[in-house]
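Below: one structure in C-alpha cells.
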Amino acid sequence: MTSHRHILFSALLILACSATLGGQTGKQSAPAKQKSLPTLSAQEIFKRVSPSVMVVESLDASGKVAAFGSGVVIAPGNIITNRHVIEDGVSFRVEHSGKTWPAKLIKIDPDHDLAELSVAKLDAPAVTVLDSAKLAVGEKVYAIGSPEGLELTISEGLISGLRDFDDGRVIQTSAAISPGSSGGGLFDAQGRLVGITTFYLKEGQSLNFALPADWSVALNRKPNKPAPTVNQNDPEFQALLLFELGLSALEDGKYSTAAEAFGKVVRLKPDNAWAWENLAVAYGGLGLYDKALGAAREAVRLQPDLSSAWTGLGVAYGSLAQYEKAQNADQEAVKLNPKDALAWSNLGADYGSLGQPERAVYAYKEAVRLKPDLASAWLGLGIAHSQLMQYDKAATAEQQATQLDPKDWGAWLYLGKAYGALSLFGKAVIAEREATRLKPDSKDAWYIMGLAYHGLGQQSEVIKVYEKLKTLDSKLAEKFFKEVVLP
C-alpha cells in the first residue's frame, strides 16, 4: 500500500523518542541505507559512529532539565536533533563520555521536526550522510541514541517501509526506538547516517520511524526560523500515524483495531482513497460487507485509476453475492493493472460464480502465470477445471494448491473430489482424510471420502462415514445412506 500521514489519538499513545519531564510527546522518524562499502559488524559500527552521537538536554529558565534526547554530529561543531527535543528549552547542552558542552540553537525546521545546534570547541567527527533516494526496504540498520537518558545504546533492525511524506520519505524500521532516542542516528551497514530517529507507535509492533538524514543537510541551506509552537493535532501528521497503525493491525488480522484506525483517518482526511480502501478490507474482515462496500465505493470515487481500489470493490460485491458487479469491478482492476495476479484470481472467482468456467480457467491461468505461488488461484483453477469435467487438469491444479498451502482444507477437498472422479479412490481417501483433519466438521469432505471408500469396496469404512455424517447433517446422511450404503 501507499504510505500516508500520521495520527495521535488517546486510546493509542504515540510516544515521541524524546523524554520530557512530566510527559512525552510524539513526532516522526526515517531510516535507510545503500550497500557499496564493506559491510561492518554492529560492534564496528558502534565503535565508528558512537563518538558522533550525543545526549542533548533542553533546560528551562531555572536551569533544570526540561527534556532530553539525542543528537548526531553532521559537521564540525554542529549537531542535528529533533525540534521537539529542544522546543521547550531556554538553553541547551550536550553530553558525551562524561563531558558537557553548552550549545546554541542556530537552525530550526518546524515542517520536518529538525533543529541544529552549534557547540563551540566540540572535538567530535562528523558522520557521513547517505542520500535517502538510495535506501531500500529490507536493508539492515542500526539505531544509536540515548534512550531514557542512558548514553549510547545500539539496536539492530531492518528498513521495513519507506513512506512518502511532503518532499521526502519517512523511514519505518524494526530497529527499536525508545523515549530519549529522538534525534539519534539510524545508520546503515557501512556506518553511514541514513535517518534521524524520531518517533514510534506504542500500540504497534516494530512501528518505529526516522526522518531521512539528507533533510539535515538541506536544513543548512534554509534560513533560521523562530521556534514554533507544538501542534500535535496537525491532521496530516495524525493521519499518517493512524494509517501505519491500521496497516499493522490488518497484517495481524486485528480488524476491529484496523477499522477504528482507518475510520479516524478518513474523518481527518476524507479524500484519502487508500484509507478508504483499507477501511473496506477491515470491514470485510469483520463480516460488515455493506460497510465494506460503501468504503470501497468511496475509494474508487476518489481515485478511479487506483486498480487495488477496484479489486477491493470487487471483493465487497462478491461478499454480497453480487457477482456481476464484482466481475465488472475486477475487470476494471485488471484493465488498469494487467499484472495484478490477485485481481485476475478474483475475476476467475467471479466467472466461476456466474457459471462461466471457461472464462474462469482463462483468468486463473493468467493469475498463476503472473504469480506461480498464489495458492488460492491454483485452487480456483482446479475448481474451474472440475466444472468443465477436466478432472486430470483439476487434480494437477489442486496438487499445486496443496503444495503451496498445505493447511488449506478446501484444496485437499477438491483434490480428493478430482481423484474420485478419476477413480483414483485410494488417493481420494488420503486427500479427504487431510481435509477432515484440518476441518473435522466438513460434511462435504466426509461425503467424498465415503464415496471413495465405496469405490474401494471398504464397506466398514463407508458405515463409519455414515455415522459421522449423521452428527454433521442428517439430511446429507440420509442421502448418503440411500445412494451409497444401501447399494
Side-chain angles (χ1 to χ4, degrees), residues 16-21 25 27-30 48-132 144-146 149 151-152 168 180-187 191-198 210-230:
C17 306
S18 68
T20 303
L21 299 189
T25 57
K27 287 293 176 192
Q28 354 185 131
S29 83
R48 173 178 293 188
V49 304
S50 60
S52 306
V53 182
M54 309 281 161
V55 175
V56 176
E57 293 181 337
S58 180
L59 310 178
D60 62 20
S62 66
K64 294 181 179 180
V65 177
F68 60 84
S70 305
V72 183
V73 180
I74 60 167
N78 286 16
I79 294 175
I80 196 75
T81 187
N82 286 133
R83 177 199 67 178
H84 67 264
V85 172
I86 54 85
E87 60 194 350
D88 293 328
V90 174
S91 60
F92 316 98
R93 67 188 180 200
V94 300
E95 296 181 4
H96 192 285
S97 300
K99 297 181 180 180
T100 302
W101 297 266
K104 179 182 178 182
L105 177 63
I106 59 172
K107 293 280 185 180
I108 194 163
D109 184 352
D111 297 324
H112 295 138
D113 192 27
L114 290 174
E116 188 173 351
L117 301 173
S118 175
V119 182
K121 299 181 180 180
L122 178 65
D123 184 17
V127 298
T128 300
V129 177
L130 183 67
D131 183 355
S132 62
I144 299 178
S146 307
E151 185 176 327
L152 298 184
S181 293
S182 266
L186 190 73
F187 298 89
R192 297 171 294 187
L193 182 70
V194 299
I196 306 299
T197 56
T198 304
L211 302 174
D214 46 333
W215 280 3
S216 65
V217 177
L219 179 60
N220 288 319
R221 299 193 292 266
K222 294 184 177 182
N224 193 16
K225 296 183 180 181
T229 57
V230 183

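Computed from a prediction, not measured in an experiment: that's the story for all the values here.
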Given Thr128, Ile196, Ile80, the one that forms side-chain contact (heavy atoms from CB on, under 4.5 Å) with Ile74: Ile80

Thr100: partners by side chain to side chain contact (heavy atoms under 4.5 Å, CB included), with sequence neighbours left out: Arg93, Glu95

Non-hydrogen atoms of Gly89 and Ser58 that approach each other most closely: CA-OG, 2.8 Å

Taking every non-hydrogen atom, the tightest pair across Gly183 and Asn82: N-OD1, 2.8 Å

Between CD on residue Glu57 and OG on residue Ser91, distance to nearest 0.5 Å: 10.0 Å

Straight-line distance of Asp214 CG to Asp131 CG, nearest 0.5 Å: 5.0 Å

Spacing of Leu114 atom CG and His84 atom NE2 [to the nearest 0.5 Å]: 10.5 Å

Closest non-hydrogen atom pair, Ile106 against Ser118: CG2-CB, 3.7 Å

Trace of the side-chain contact (heavy atoms from CB on, under 4.5 Å) decision for Lys99 with His96: CA-CA 5 Å; Lys99 297 181 180 180; His96 192 285; 5.8 Å; no

Contacts of Val73 that satisfy side chain to side chain contact (heavy atoms under 4.5 Å, CB included) - sequence neighbours left out: Ser52, Met54, Ile79, Leu122, Ala124, Ala126

Check: Thr197 side chain, Gly184 main-chain N or O, donor-acceptor pair, under 3.5 Å: yes

All side chain to side chain contact (heavy atoms under 4.5 Å, CB included) counterparts of Pro51, not counting sequence neighbours: Pro125

Worked verdict on Leu130 versus Leu193 for side-chain contact (heavy atoms from CB on, under 4.5 Å): CA-CA 6 Å; Leu130 183 67; Leu193 182 70; over 6 Å; no

Reported CG-to-CG distance for the pair Leu117 and Asn78, which is rounded to 0.5 angstrom: 9.0 Å

Pair Val94-Thr81, side-chain contact (heavy atoms from CB on, under 4.5 Å): steps then yes or no: CA-CA 11 Å; Val94 300; Thr81 187; over 6 Å; no

Shortest non-hydrogen contact between Pro102 and Val119, atoms and distance: O-CG1, 3.7 Å

